[in-house]
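Throughout, a chain's letter reflects where its sequence line sits, starting with A, and its residues are numbered from 1.
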Number of protein chains: 2
Amino acid sequence: MANIREIAALAGVSVSTVSRVLNHHPYVAADKREAVLKAIHELQYTPNRNAVNLAIGATRMIGVILPFTNHPYYSGMLEGISAHALEHHYDIILCQTNYDVAEEERALQMLRDKLVDGIIVCSKQGDWALFETYASYGPIVVCEYTDSPYLSSVYADFYKSTIEAMNTLIAEGHRRIGYCLGRTNSYNSQQRLAAYKAQLQSIGEEVREEYCFFHCYHFDEGAEVLRSMLAFSKPPTALLVAGDQAACGIVIEAGKRGIQVPSDLSVIGFDNIPIAKVLELSTFDYVSYDIGTTAFDTFYRQWEAQAADSGPVEKHELPCQIIARSTVGPAPKKQ
Amino acid sequence: MANIREIAALAGVSVSTVSRVLNHHPYVAADKREAVLKAIHELQYTPNRNAVNLAIGATRMIGVILPFTNHPYYSGMLEGISAHALEHHYDIILCQTNYDVAEEERALQMLRDKLVDGIIVCSKQGDWALFETYASYGPIVVCEYTDSPYLSSVYADFYKSTIEAMNTLIAEGHRRIGYCLGRTNSYNSQQRLAAYKAQLQSIGEEVREEYCFFHCYHFDEGAEVLRSMLAFSKPPTALLVAGDQAACGIVIEAGKRGIQVPSDLSVIGFDNIPIAKVLELSTFDYVSYDIGTTAFDTFYRQWEAQAADSGPVEKHELPCQIIARSTVGPAPKKQ
DNA sequence: GGTTGACCTGAAATGCGTTTCATAGTTTAT
DNA sequence: ATAAACTATGAAACGCATTTCAGGTCAACC
């Protein structure tokens, strides 16, 4: 592989001139430019990206931290990030963590070690303090709410949307409402749970432990929830489900077990994944794609603005609309 | 940010000694090692990865070329690659192409430009020649069959599995069999189509254009296929579907339209995605995850073996087993 | 006693492109 | 006519870590 010095020698100019041609600087005479281009073509030269990165102190790469990709919530976000990264000629380094904090830290170190210009955190397990520690090395954008003054944040208001979902069900006369969530300890889950409890309280219903299901991510986990409900003497008449995959699992399993949706059981999902439409699932249009694009744009502004120091942190709340389809109906009369 | 020279100065040693400590070389006196470690700790030093990459001529990064991530086939593959990459301390650069050949080439250039040590191609649009051009710069592993002597290949025999699927349907008495595919021009699709036609011929059935549906990737595209079949005077009694997402869309839509599966219509999918289990879809266990892990391992062996030159290309055929569930049944009696 | 080999260390070269600075020839403005 | 402002170019420094090479010490073995 040829390097810039060989090009300079072949073209009969200095390396500075070659570099100028490469970077479209003005002040290069037409004939020398021609000579350089000819030499580049002859030797099939392309700059070594590592040398460029080292010299300019930037890589046009961004690290994306997420637990896994085989879930529409994250792959949607990734699509969004990817789309806007492409536009700005950025590449993505994927840091799949499986919610392992050590992996999260390893990803953050890439920022410190100059391997990436910034970090987007789709979901995390570690404390905010961990992420704040690395914020001085470059922009970090988190796809979750945080009031940290060091971290940018792009999020939807899950408290608000959960209230809305609950009110929708309550308006249909439901009182025995269950909730299916993913993790117990995330900020998002806690917000949702708080809203759930608040609205139950507002109609004078107590919170029943057995109506709250956790670790519901996938289709079969949703199906499992429905099966376990069969044993209840007083099963919920409505379920709020934090992810469409689990919600679809519930709806499909209900169909198999002869439970009519929505006349026996109402279901509201979250995410609006493609299959939700096919199954006519009522859900929330949490466009994870938009979260992704906004997160990238936020990073990019911060990066560009960091002329002297670091650009200002941004906070963006994205809307999250309910999509009424066919899985919500009035509560059954006799209970 | 401190650099290695500052560490050397603070510890009172040469940069070589610091480098030795950093890289766990033997032959460093205990007291000097201590001094270096102390200096590193004091100045919070970590090596600049770009400088390391430039010096050693490798990056421990691998480029993954795929059209999009929000499809279980690809996100599964990505999970597999990711898992084994993690084990070997490799990071992944995601090159999402949307089947744009220009983007594919941009990704390949990262190999030439020393940004990645190798490339895994999950699916591509460009000619093999394009990829072969870049093979001299490092290992390229393709998740698709190719006899190119320059490219490693990890694949399942789709011809064989399509034959098996056809025979399963034929054994149940089906004669009007339709096929839903993704792209028309990929090698995989062509193999499948060839097997489909061969088996139709073997039972003396002609190939009907209107029984072949293309661009079936997603749930709603599957639903659309079913809806369009409603207009047929003689609809197929069985469908082979190249992806589970489309197959699930078909099954769900059939349920809505009062078409019984499998008594009115048999369906065989492909991929064995999670929802296939919930819907009891008969399918093929094309474990894209395993393709991913095998692809990474293949890359890694080639990379390790390239001591002098480039390691030998490998070809791996992975098994692909049929999973009988509940969407295949005997052909309807009266037609 | 002398040779061999293991252990330890640093100067300098290397990987490669960017950028600053100094120099010099040309215009343009005054 | 002369200062000011461009245009053009190369040498050298810089970003930073790795690696080779040469030199030196010390113990062990013949």
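Of all the residues in residues 18-28 of chain A, Arg20(A), Tyr27(A), Val28(A) reach under 4.0 Å from DNA chain D with at least one non-hydrogen atom. Across residues 36-45 of chain B, not one residue has a non-hydrogen atom less than 4.0 Å from an atom of DNA chain C. Using a 4.0 Å cut-off on heavy atoms, the residues of residues 48-63 of chain B that approach DNA chain C are Ala51(B), Leu54(B), Ala55(B), listed by number.
In terms of heavy atoms, Leu43(B) sits closest to Ala2(B) at CD2-CB, 3.9 Å.
Extent of DNA chain C lying under 4.0 Å from chain A heavy atoms, first and last nucleotide in 5' to 3' order, is dC16(C) to dT20(C). Read 5' to 3', the first and last nucleotides of DNA chain D with an atom closer than 4.0 Å to a heavy atom of chain B are dC16(D) to dT20(D).
Taking a cutoff of 4.0 Å between a charged side-chain nitrogen and a carboxylate oxygen, Glu42(B) and Lys38(B) qualify as a salt bridge. A salt bridge is defined here as a Lys NZ or Arg NE, NH1 or NH2 lying under 4.0 Å from an Asp or Glu carboxylate O, and Asp91(B) with Arg106(A) meets this definition.
The residue among Thr46(A) and Ser14(B) whose nearest nucleotide of DNA chain C is located toward the 5' end is Ser14(B).
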With ring pair (Phe, Tyr, Trp, His ring centres under 6.0 Å) as the test, would you mind laying out the steps for Tyr150(A) and Phe131(A) before giving the verdict? CA-CA 9 Å; Tyr150(A) 305 107; Phe131(A) 294 85; over 10 Å; no

Stepwise, does the ring pair (Phe, Tyr, Trp, His ring centres under 6.0 Å) test hold for Phe296(B) with His88(B)? CA-CA 10 Å; Phe296(B) 182 86; His88(B) 294 280; 5.7 Å; yes

Run the numbers on Tyr155(B) and Tyr187(B) for ring pair (Phe, Tyr, Trp, His ring centres under 6.0 Å), then give the verdict. CA-CA 11 Å; Tyr155(B) 58 95; Tyr187(B) 179 85; 8.5 Å; no

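In this structure the side chain of Ile140(A) reaches within 4.5 angstrom of the side chain of Val121(A), judged on heavy atoms. Two residues are said to be in side-chain contact when any heavy atoms from C-beta on lie closer than 4.5 Å; Leu115(A) and Met61(B) meet this criterion. Within the 4.5 Å cutoff, the side chain of Leu130(B) has heavy atoms near those of the Glu105(B) side chain. Counting heavy atoms from C-beta outward, Ile93(B) and Val64(B) have side chains that stay 4.5 Å or more apart.
Within the 3.5 Å criterion, the main-chain N or O of Gln125(B) finds a donor-acceptor partner in the side chain of Glu104(B). Under the 3.5 Å distance criterion, the side-chain polar atoms of Lys315(B) are matched with a main-chain donor or acceptor of Thr146(B). For the pair Ser152(A) (side chain) and Val141(A) (backbone), a donor-acceptor distance under 3.5 Å is absent.
Axis orientation changes by 40° from one end of the helix from dG1(C)-dC30(D) to dT30(C)-dA1(D) to the other, with each end axis drawn from 5 pairs and the value rounded to 10°.
For Thr69(B) and Glu79(A), the side-chain atoms include at least one donor-acceptor pair closer than 3.5 Å. In this structure, a donor-acceptor pair under 3.5 Å is present between the side chains of Ser189(A) and Ser186(A). A donor-acceptor contact closer than 3.5 angstrom links the side chains of Ser82(A) and Gln96(B).
Among the protein residues, Thr17(A) comes within range of the sugar-phosphate backbone only, with heavy atoms under 4.0 Å from sugar or phosphate atoms but none that close to a base.
Annotation: cation-pi pair Arg183(A)/Tyr99(A) present, NZ/CZ under 6.0 Å from the ring centroid and within 45° of its normal.
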